[in-house]
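Below, all heavy atoms of this structure are taken into account, side chains as well, without hydrogens, waters or symmetry copies.
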Amino acid sequence: MTSVVSLSRYPVKGFTPEPLDSIVVQDDGRVAGDRVLAFRFGNAALPEEKDGLDYWPKARGLSLQDFPSLAALRLEYQQAERVLRFWRDGELLVEGDLEPAGRRRLETAMAEIVLGSPEAARLERPGRLPLALVGDGVTSRFQDRARGFVSVHSEASVATLADALGAAVDHRRFRSNIVITGVEAEAELRWADTVRIGDVAFEPQGSIVRCLATHANPETGVRDLPVLTTLTQQLGQRQPTMGRLLLPTDRGGVIQLGDTVC
């Protein structure tokens, strides 16, 4: 039986996932509470436009693609109180709410954290400082694509990659909202018709071409596995792909761990 084995959302773009027992897929095709905040460069605190929608390209803010050490941080976001906390190695680094003073505290602390990391030079480039913490903490809007989407990949696809690498591969490298089991490797890439996950019917959209974020170890923040070249050179993909994008066919709903995929 094909079913859901992992559910996650990412309150702050580019940072720690929040594992959940259930997620709410909104009618607009985004997961409630997913990517509701982002640390943007000072010269990119306002959105660009793409296809008539607000667009926040990840290259113009903190993301694992260019700042892999972010993966070693842990966060807690209390949405009801709008309070954000960051830890490293069990030590609380900073806490702040989303009022102006709290945002400044979080922005200053995050800049100091990155400036003390191996990626410091990237943040020191012209126009990148000061950082701006953007988002209202409720509205899901900072996905890599202007349209949003729900993301899904299968355990089997990750297992095939692990075999090719000769090393264990943590599924968190791929930052999907949904992980499924009970299908063959890359089966999700071949979906052509409507897919139902729990009570939500989805229309499959494009496959997910991956970036250097997948090279970062989710525990250490060190780039330790050549995921992209393994997908293309050893597994024969034209582009390094893992997972699929989905949009509800009509309306959203709740998806829970163990829900059937059909």
Looking at side-chain heavy atoms only, is the closest gap between Met242 and Glu186 below 4.5 Å? no
Asp199, CG: over 12 other non-hydrogen atoms inside 6.0 angstrom: no
Do Pro240 and Val209 have side chains that get closer than 4.5 Å, going by heavy atoms? yes
So Arg103 and Leu106, do their side chains get closer than 4.5 Å, heavy atoms only? no
Does Thr260 form a side chain to side chain contact (heavy atoms under 4.5 Å, CB included) with Met1? I'd like the steps, not just the answer. CA-CA 7 Å; Thr260 300; Met1 180 181 73; 3.8 Å; yes
I want to check something: taking the side chain as every heavy atom from C-beta on, are Arg40 and Pro57 in contact at a cut-off of under 4.5 Å? yes
So, Thr232 side chain and Arg238 main chain: donor-acceptor pair closer than 3.5 Å or not? no
Could you tell me whether the side chain of Thr230 and the main chain of Leu228 form a donor-acceptor pair under 3.5 Å? no
Just by distance, no angles: are the side chains of Thr139 and Asp136 close enough, under 3.5 Å, to form a donor-acceptor pair? yes
Quick one: CG on Leu189 to CZ on Arg244, what's the gap to the nearest 0.5 Å? 7.0 Å
Just how far is it from atom CD of Gln234 to atom CG of Leu161, taken to the nearest 0.5 Å? 9.0 Å
Taking all non-hydrogen atoms of both residues into account, name the closest pair between Leu225 and His215 and its distance. O-CG, 3.2 Å
Are Val179 and Leu245 connected into the same hydrophobic cluster when the rule is that any two of I, L, V, M, F, W, Y join if their side-chain heavy atoms are below 4.5 Å apart? no
May I ask whether Val12 and Val134 are part of the same hydrophobic cluster, defined by side-chain heavy atoms of I, L, V, M, F, W, Y residues being less than 4.5 angstrom apart, directly or through others? no
N/O donor-acceptor pair under 3.5 Å between Thr16 side chain and Leu73 backbone: yes
Side chains of Ser151 and Asn177 only: does a donor on one sit below 3.5 Å from an acceptor on the other? yes
Side chains of Glu188 and Ser157: is there a donor and an acceptor less than 3.5 Å apart? yes
Looking only at the side chains, is there a donor atom on one of Gln143 and Asp34 sitting less than 3.5 Å from an acceptor on the other? yes
Through direct or indirect side-chain contacts below 4.5 angstrom among Ile, Leu, Val, Met, Phe, Trp and Tyr, which residues connect to Ile178? Val4, Leu7, Leu20, Ile23, Val25, Val31, Val150, Val152, Ile180, Val183, Trp191, Val195, Ile197, Val200, Phe202, Leu246, Ile255, Leu257, Val261
Glu18 and Ser8: side chain donor to acceptor below 3.5 Å: no
Give the intermediate values and the outcome of side chain to side chain contact (heavy atoms under 4.5 Å, CB included) for residues Val114 and Phe67. CA-CA 8 Å; Val114 177; Phe67 299 89; 3.7 Å; yes
Which of these passes side chain to side chain contact (heavy atoms under 4.5 Å, CB included) with Pro218: Arg175, His171, Arg172? Arg172
What distance separates Arg210 CZ from Gln239 CD, expressed to the nearest 0.5 Å? 13.0 Å
With a 4.5 Å cut-off on side-chain heavy atoms, are Gln79 and Pro11 touching? no
Output the distance between atom CG (Leu37) and atom CZ (Arg141), rounded to the nearest 0.5 Å. 10.5 Å
Would you say Arg88's side chain and Ala72's backbone share a donor-acceptor pair under 3.5 angstrom? no
Ala71 versus Asn217, closest heavy-atom pair with distance: CB-O, 3.5 Å
Short question: side chain of Glu49, backbone of Leu53 - any donor-acceptor pair under 3.5 Å? no
Val94/Trp87 under side chain to side chain contact (heavy atoms under 4.5 Å, CB included): CA gap, chis, key distance, verdict: CA-CA 7 Å; Val94 63; Trp87 283 269; over 6 Å; no
Would you check if the side chain of Gln65 reaches a backbone N or O of Leu212 as a donor-acceptor pair within less than 3.5 Å? no
Salt-bridge criterion met for Asp66 and Lys58 (N-O under 4.0 Å): no
So how far is it from Glu112 CD to Leu131 CG, rounded to the nearest 0.5 Å? 10.5 Å
Smallest separation among heavy atoms of Arg60 and Glu48, with atom names: NH1-OE2, 3.0 Å
Verify, without hydrogens or angle tests, whether Thr108 (side chain) and Arg104 (backbone) share a donor-acceptor contact under 3.5 angstrom. yes
Ring pair (Phe, Tyr, Trp, His ring centres under 6.0 Å) filter on Phe15, not counting sequence neighbours, yields Phe39, Phe86
Looking at Tyr10 and Pro17, what are the two nearest heavy atoms and their distance? CE2-CB, 3.1 Å
Between Ala111 and Leu129, what is the shortest heavy-atom contact and its length? CB-CD2, 4.0 Å
Between Ser3 and Gly258, which heavy-atom pair has the shortest distance, and what is it? CB-O, 3.9 Å
Going through the distances and angles, do Gln78 and Arg85 end up as a side chain to side chain contact (heavy atoms under 4.5 Å, CB included)? CA-CA 9 Å; Gln78 296 182 332; Arg85 300 182 180 92; 3.3 Å; yes
Are Arg251 and Asp27 close enough for a salt bridge, meaning some N to O gap below 4.0 Å? no
How about Leu84 and Glu76: do any of their side-chain heavy atoms sit closer than 4.5 Å? no
Could you check if a side-chain atom of Leu123 sits within less than 4.5 angstrom of a side-chain atom of Glu119, using non-hydrogen atoms only? no
All ring pair (Phe, Tyr, Trp, His ring centres under 6.0 Å) counterparts of Phe142, not counting sequence neighbours: Trp56
Contact between Tyr77 and Val83 at the side-chain level, heavy atoms closer than 4.5 Å - yes or no? no
Using 0.5 Å steps for rounding, measure from the CG atom of Leu64 to the OG atom of Ser69. 9.0 Å
